[in-house]
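These numbers come from the heavy atoms of this one structure, side chains and all, not from hydrogens, waters or symmetry mates.
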Number of protein chains: 2
Amino acid sequence: MSGTPRVLIVEDEAAIRQFVRLALEADACQVIEAATLADGLARAGEGGLDLVVLDLGLPDGDGIDFVRAYRAWSEGPVLILSARVEENRKIDALDAGADDYLTKPFGVGELRARARALMRRRPRGEELPPVIEFGEVVVDLSRRQVLRRGEPVHLTPIEYRLLAMMLAHPGQVLTQRKLLADIWGPSYVESSHYLRVYVGHLRQKLEDDPAQPRHFLTETGIGYRFQVTP
Amino acid sequence: MSGTPRVLIVEDEAAIRQFVRLALEADACQVIEAATLADGLARAGEGGLDLVVLDLGLPDGDGIDFVRAYRAWSEGPVLILSARVEENRKIDALDAGADDYLTKPFGVGELRARARALMRRRPRGEELPPVIEFGEVVVDLSRRQVLRRGEPVHLTPIEYRLLAMMLAHPGQVLTQRKLLADIWGPSYVESSHYLRVYVGHLRQKLEDDPAQPRHFLTETGIGYRFQVTP
DNA sequence: CTTGCACGTAAAAATGTCGTAAAAAATTAG
DNA sequence: CTAATTTTTTACGACATTTTTACGTGCAAG
C-alpha cells in the first residue's frame, strides 16, 4: 500500500456520511464525500481510489447504475450500504460488480473490518519495479534484500537507508545536507563525516573496486550521486 | 479462471452442505466437501481451489484458526458462514483473513451472488506449497505438523504462528512491528522482547545449531528474515 | 614548496540491541 | 482443586551498530 488509502463515500444523508467518515478515518483513510450519484461519479472519475462506499438509496438514481458505470473503467472494490434487505436487491448489486453488501443498521466495527478486507488485496497501484540492478548487485527493495554475484550482502539499518535513498534518485546529486537530514535528522546537517564513513561502507560492500567507485560517486563540496550505468 | 471453478465447503451439517453444494453447482462449480476442520485443511492443502466456504461453528475447533492456517500459504477467497451475529465475531474473522461473512439463515441467491463476487474479483492467486522444507525440517501447514529428521516437533500456539508467518514470506525481512502486531496485536508493537524469546525457541527447536542460525536470521534493529536455502 | 581543505580509511570507544536462561504469572487440562 | 503447559517478565552477558577519533591522501591556492 502506497501512502494512505483513499476512500470515496457516496451517501445523501449527512449523518451517515459523517458516521462512515469517522469509521474509516480511524483506519487512517483519506475520505472523499459525495452526496449524489452524479457527484460521486465525477469524483470517482478523478481516479486514485482504493475503495468506494456507496449507498443504494440515493434520490437521483439507482446506485446499481453507478456500479455498472464505475466498472466500465475501474476494478477497484465497491462496498454497498443499503436499508433494503430483499435478497434480489443484493443479488443485483453484487452481480453488477459490487464486492460487498451491508444492510443498515450496521456497526462501526463491522464496516471497518469489511472495508479492511476489501482493501487488503488491492489489485490497484502500479508500483515502480521493486528490484534495481547495477554492476553485479541486485537490490530487492520489497524484501529488503541485497545480493552481489548472487550472494546476500548484509547491510546495517543506516547503510540500507542510505542505499535506498540514493537508489530512489538515480543520476541525481543528493546534497550532504539532504542525506544527513533525511537519515540522521535535521540537527545533523553539518555532520558530514557520517556520510564519509557510511558511503565508504557501501562502496566497500557493493563496488567492484572500492577505491575507484563507478556507482557511488563523490561530488566534491556538494554531495553524492548514484549512477546505474558505469 | 480456467475451466470450472473448484469450491471447498467445510461444514459439519450434511443438510447445509447439500444446500451449499446445490447452490454452487447451479453456477457450474465443482464442489468438494469436508465435514471437519482437519479434513478441510487437508483438502485445501491439495491446492487448486477458487473459493473456500467455511462454517465457523464446527465441533473440532475454531474456524478462525482455519482461516489463519489457510492464509499461511494461500490468498484464495474465503467466505464464512455462521449462525453467530455478534459483531466481534465478524471482525475477528474478517481480520484473520476472511473475505466475506454471511449469517444464517441466508438465501440461495445471496450465497451464489456473494460467491460469484468473490471468485470474479480474485482469480486464484499463486499459492505457496503447503509443505515447506528447510534444513532437516518439514512443515506441513495444512496439517499444522512440523517434523525434524522425521520426528514430530511440538510447537506452542505462538511459536507456530510465528513460524507460519515467517514461512509465508520466504527471503523477506519481517519487521518487528509487523510480527508483533500480527501475532500479539497492535498494542504490542513495542514489546520486542517477546520476539527475542520466541525466535529463540524456534531456533532451539528447528535450527541445526541454534547458536549459528541458518534459516531464522536476525536483522539487527529491523526484524527477522526466514531463509530457505542455507 | 607549503598550506589548508575536503575526502577516504581504519580502528577504538560508546551505545544500543540481541540471545539466553530462569523465575513469576496466567492459562489450560485433568 | 491440582498439575502441567504456556505465556509473560526480568536480568545480564555477548554481540552488532553507531559514533567518535585519528591519520593519510590528493588537490588547489598562495
Query - Residue pairs fulfilling ring pair (Phe, Tyr, Trp, His ring centres under 6.0 Å) with at least one residue in residues 62-87 of chain B, sequence neighbours excluded - result: Y70(B)-W73(B)
Query raised in the report: dG19(C) phosphate, OP1 or OP2: any side-chain N/O from T218(B) under 4.0 angstrom?
Result: yes
Report summary line: 5' to 3', nucleotides 14-21 of chain D under a 4.0 Å protein heavy-atom cut-off (B base, S sugar-phosphate only, - none) gives --SSBBB-
**Report entry** Pairs involving residues 221-230 of chain B, ordered by first then second residue, that meet salt bridge (charged side-chain N to carboxylate O under 4.0 Å, His left out) (sequence neighbours left out)
**Finding:** E219(B)-R225(B)
Requested in this report: Run the salt-bridge test on D99(B) and R71(B) with the 4.0 Å N-O cut-off and return the result as yes or no.
Outcome: yes
**Report entry** Rounded distance in Å - CD1 (I183(B)) to P (dT6(D))
**Finding:** 17 Å
Requested in this report: Tell me, please, which residues at least two apart from E46(B) pass salt bridge (Lys or Arg N to Asp or Glu O under 4.0 Å).
Outcome: none
Requested in this report: Would you kindly give the CG-to-P distance between L202(A) and dG8(C), to the nearest whole Å?
Outcome: 12 Å
Query - Where at least one partner belongs to residues 129-149 of chain B, residue pairs that pass ring pair (Phe, Tyr, Trp, His ring centres under 6.0 Å), sequence neighbours excluded - result: F134(B)-H215(B), F134(B)-F216(B), F134(B)-F226(B)
Report task. Measure the distance from CZ on R203(A) to P on dA10(C) and round it to the nearest whole Å. Result -> 12 Å
Query raised in the report: Could you state the CD-P distance from Q212(A) to dG8(C), rounded to the nearest angstrom?
Result: 13 Å
Query - Partner residues of D100(B) under the salt bridge (Lys or Arg N to Asp or Glu O under 4.0 Å) criterion, sequence neighbours left out - result: R114(A), R114(B)
Query - ring-ring contact (aromatic ring centres under 6.0 Å, His included) against H201(A), all qualifying residues, sequence neighbours excluded - result: Y198(A)
Which donor-acceptor pairs under 3.5 Å do the side chains of residues 174-197 of chain B make with protein atoms, sequence neighbours left out?
unit_1: T175(B); atom_1: OG1; unit_2: K178(B); atom_2: N; d: 3.1
unit_1: K178(B); atom_1: NZ; unit_2: D182(B); atom_2: OD2; d: 3.4

Query raised in the report: Any side-chain N or O of Q176(B) under 4.0 Å from OP1/OP2 of dC18(C)?
Result: yes
Report task. Apply ring-ring contact (aromatic ring centres under 6.0 Å, His included) to Y160(B) and list each qualifying residue two or more places apart in sequence or on a separate chain. Result -> none
Query raised in the report: For the helix from dC1(C)-dG30(D) to dG30(C)-dC1(D), what angle lies between the axis at the first five pairs and the axis at the last five pairs, to 10 degrees?
Result: 20°
Report task. Find the distance R177(B):CZ to dT17(C):C1' and express it as a whole number of Å. Result -> 17 Å
Report task. Take the protein atom CZ of R225(A) and the nucleotide atom C1' of dC7(C), then report the distance between them rounded to whole Å. Result -> 17 Å
Query raised in the report: Atom CG of D209(B) to atom P of dG19(C): distance rounded to whole Å?
Result: 14 Å
Query raised in the report: What is the nucleic acid contact for F216(B), judged by heavy atoms within less than 4.0 Å: base, sugar-phosphate only, or nothing?
Result: nothing
Query raised in the report: Is the shortest distance from a Lys or Arg side-chain nitrogen in E151(B) or R149(B) to a carboxylate oxygen in the other one below 4.0 Å?
Result: no
Query raised in the report: At under 4.0 Å, does any side-chain N or O of R196(B) touch on OP1 or OP2 of dC18(C)?
Result: yes
Query raised in the report: Side chains of T103(B) and R89(B): is there a donor and an acceptor less than 3.5 Å apart?
Result: no
N/O to N/O distances under 3.5 Å, protein versus nucleotides 27-30 of chain C:
none

**Report entry** Rounded distance in Å - CZ (R161(B)) to C1' (dT6(D))
**Finding:** 15 Å
Report task. Would you indicate, yes or no, if dA6(C) has its OP1 or OP2 atom less than 4.0 angstrom from a side-chain nitrogen or oxygen of Y224(A)? Result -> no
Requested in this report: Applying salt bridge (Lys or Arg N to Asp or Glu O under 4.0 Å), name anything that partners R214(B), two or more places apart in sequence or on another chain.
Outcome: none
